[in-house]
S.K.: 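Here it is: the structure, laid out below.
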Amino acid sequence: MLPLPKLIFMTKNEQTSDQKPESSVENTAEMSSTNKQSMEDFVIYIENADIYQGKNLILNQVSFTIKTGELVYIVGKTGSGKSNLLKLLYGDVPAINGTVKIAGFDLRNIKSKNIQKLRRNLGIVFQDFQLLQDRSVYDNLDFIAKVTDWKDKNARKQRIEEVLTLVGLSTKGYKMPHQLSGGEQQRVCIARALMNKPKIILADEPTGNLDPETSYDIFSLFRDITQQGTSVLIATHDYLIINQIPSRVIKIEDGKVLE
């Protein structure tokens, strides 16, 4: 459920018998202002949205919010709609009905030419890595920087070094993807997701191909990222890790999003 606006109360001492009705109007205006400010604090704000795959309704009346710097898990059975929810958020399926806002973009009214702008404010991490196998770790990241309009070579180099350090791969930039372990390859993917300093990272089963110990390390890295102000939304089946690194959980069940 969406958080209720902060209500404004007066103590008995503040209430007087000759109080004028206009004061309630002022309180209402103040409440409205407070609610507006709080909405801006959400990197994701969804209210009463329907999600379709083609003509099939997958999720009905979706409503939830995510704050800046928050770690949130999405859980649900295979085929329940977790991936479709993420696709909605990065603009791969249309927003139908209600309100859908992410990283400052209104997805109900977004133009196709602005989808790429939206995605530059997001980081996306997939289960199967999707690294370019014919180039080094550094060149994988440099490619992303170039296609997202990093013109300055020195600025690209500095940012690549920063994100590799953040994910613990500062000495692996020269390596080819096949020379890395699965966990290291996923760390490269997270570094790639961080290149443009996103407001939120969307991760779809990011540890589905990894062993439990490596999975724990990856989830710990996501937790560390949130502590620097980037929100992280993870679709996962890994309940063991959720218990080890607890945080807020959103559950998808019978076409509904529940908390």
Side-chain angles (χ1 to χ4, degrees), residues 1-2 42-67 70-131 144 147-148 186 189-190 192-193 196 198-210 215 218-219 222 231-239 241-242 247-259:
M1 293 180 63
L2 295 174
F42 297 122
V43 69
I44 292 178
Y45 186 98
I46 303 179
E47 184 175 18
N48 297 328
D50 295 331
I51 300 176
Y52 284 81
Q53 186 175 43
K55 295 182 179 180
N56 299 317
L57 178 63
I58 304 299
L59 297 174
N60 178 246
Q61 296 289 289
V62 176
S63 295
F64 69 91
T65 61
I66 295 179
K67 295 180 181 178
E70 191 173 12
L71 173 63
V72 179
Y73 301 120
I74 302 177
V75 300
K77 296 178 180 179
T78 300
S80 62
K82 299 188 300 296
S83 293
N84 279 284
L85 177 56
L86 295 184
K87 287 179 180 180
L88 168 76
L89 297 176
Y90 58 77
D92 205 38
V93 300
I96 307 296
N97 304 327
T99 301
V100 182
K101 295 184 178 181
I102 177 167
F105 290 82
D106 182 351
L107 269 61
R108 285 293 312 283
N109 299 303
I110 193 168
K111 296 179 179 179
S112 58
K113 66 179 182 181
N114 290 328
I115 295 294
Q116 288 304 318
K117 291 181 181 179
L118 163 69
R119 291 174 181 170
R120 289 174 192 175
N121 284 271
L122 311 177
I124 305 173
V125 177
F126 297 102
Q127 177 178 335
D128 54 358
F129 310 146
Q130 298 188 9
L131 295 171
I144 290 298
V147 300
T148 52
Q186 193 59 290
C189 296
I190 295 171
R192 181 179 61 192
N196 288 307
K199 295 181 180 180
I200 185 167
I201 289 177
L202 307 175
D204 193 357
E205 299 288 352
T207 58
N209 295 326
L210 305 176
S215 297
I218 293 298
F219 274 71
F222 281 128
S231 305
V232 178
L233 178 61
I234 306 174
T236 183
H237 286 106
D238 201 334
Y239 290 93
I241 298 297
I242 291 175
S247 193
R248 181 175 157 218
V249 176
I250 293 174
K251 185 176 183 180
I252 297 180
E253 188 175 83
D254 298 327
K256 298 287 186 181
V257 173
L258 310 170
E259 291 198 62

S.K.: How many angstroms lie between NZ in Lys77 and CD1 in Ile252, if you round to the nearest 0.5 Å?
M.R.: 13.0 Å
S.K.: If every non-hydrogen atom of Phe126 is compared with every non-hydrogen atom of Gln186, which pair is closest and at what distance?
M.R.: O-NE2, 3.1 Å
S.K.: Quick check for you: to the nearest 0.5 Å, what is the distance between Ile96 atom CD1 and Arg108 atom CZ?
M.R.: 7.0 Å
S.K.: Are Lys111 and Lys117 side-chain neighbours, meaning at least one heavy-atom pair lies under 4.5 Å?
M.R.: no
S.K.: Parallel, tilted or perpendicular: which one describes the rings of Phe219 and Phe222, with boundaries at 30° and 60°?
M.R.: perpendicular
S.K.: Please give me the minimum heavy-atom distance between Phe105 and Asn114, naming the atom from each residue.
M.R.: CE2-O, 4.2 Å
S.K.: Where do Arg192 and Leu131 come nearest, in terms of heavy atoms and distance?
M.R.: NH1-CD2, 3.6 Å
S.K.: Testing Val100, Ile66, Thr99, Ile102 for side chain to side chain contact (heavy atoms under 4.5 Å, CB included) with Tyr45, which one passes?
M.R.: Thr99
S.K.: Restricting to non-hydrogen atoms, name the atom on Thr207 and the atom on Ser215 that form the minimum distance, rounded to 0.1 Å.
M.R.: CB-OG, 3.3 Å
S.K.: Knowing that exactly one of Leu89, Ile58, Asn56 qualifies, which makes a side chain to side chain contact (heavy atoms under 4.5 Å, CB included) with Asn84?
M.R.: Ile58
S.K.: What heavy-atom pair brings Leu88 and Pro94 nearest, and what distance separates the two atoms?
M.R.: CD1-O, 3.7 Å
S.K.: What are the two closest non-hydrogen atoms of Leu59 and Leu57, and how far apart are they?
M.R.: O-CD1, 3.4 Å
S.K.: With sequence neighbours excluded, what pairs up with Asp106 under the side-chain hydrogen bond (donor to acceptor under 3.5 Å, both in side chains) test?
M.R.: Asn109
S.K.: Quick one: pull up NZ in Lys256 and OG in Ser80 and give me the separation to the nearest 0.5 Å.
M.R.: 14.5 Å
S.K.: Strictly by side chain to side chain donor-acceptor pair (under 3.5 Å), give each pair with a member in residues 118-127 just once, sequence neighbours left out.
M.R.: Arg120-Asp149, Gln127-Asn209
S.K.: Run the side-chain hydrogen bond (donor to acceptor under 3.5 Å, both in side chains) test against Ser83 and tell me which residues pass, sequence neighbours left out.
M.R.: Asp204
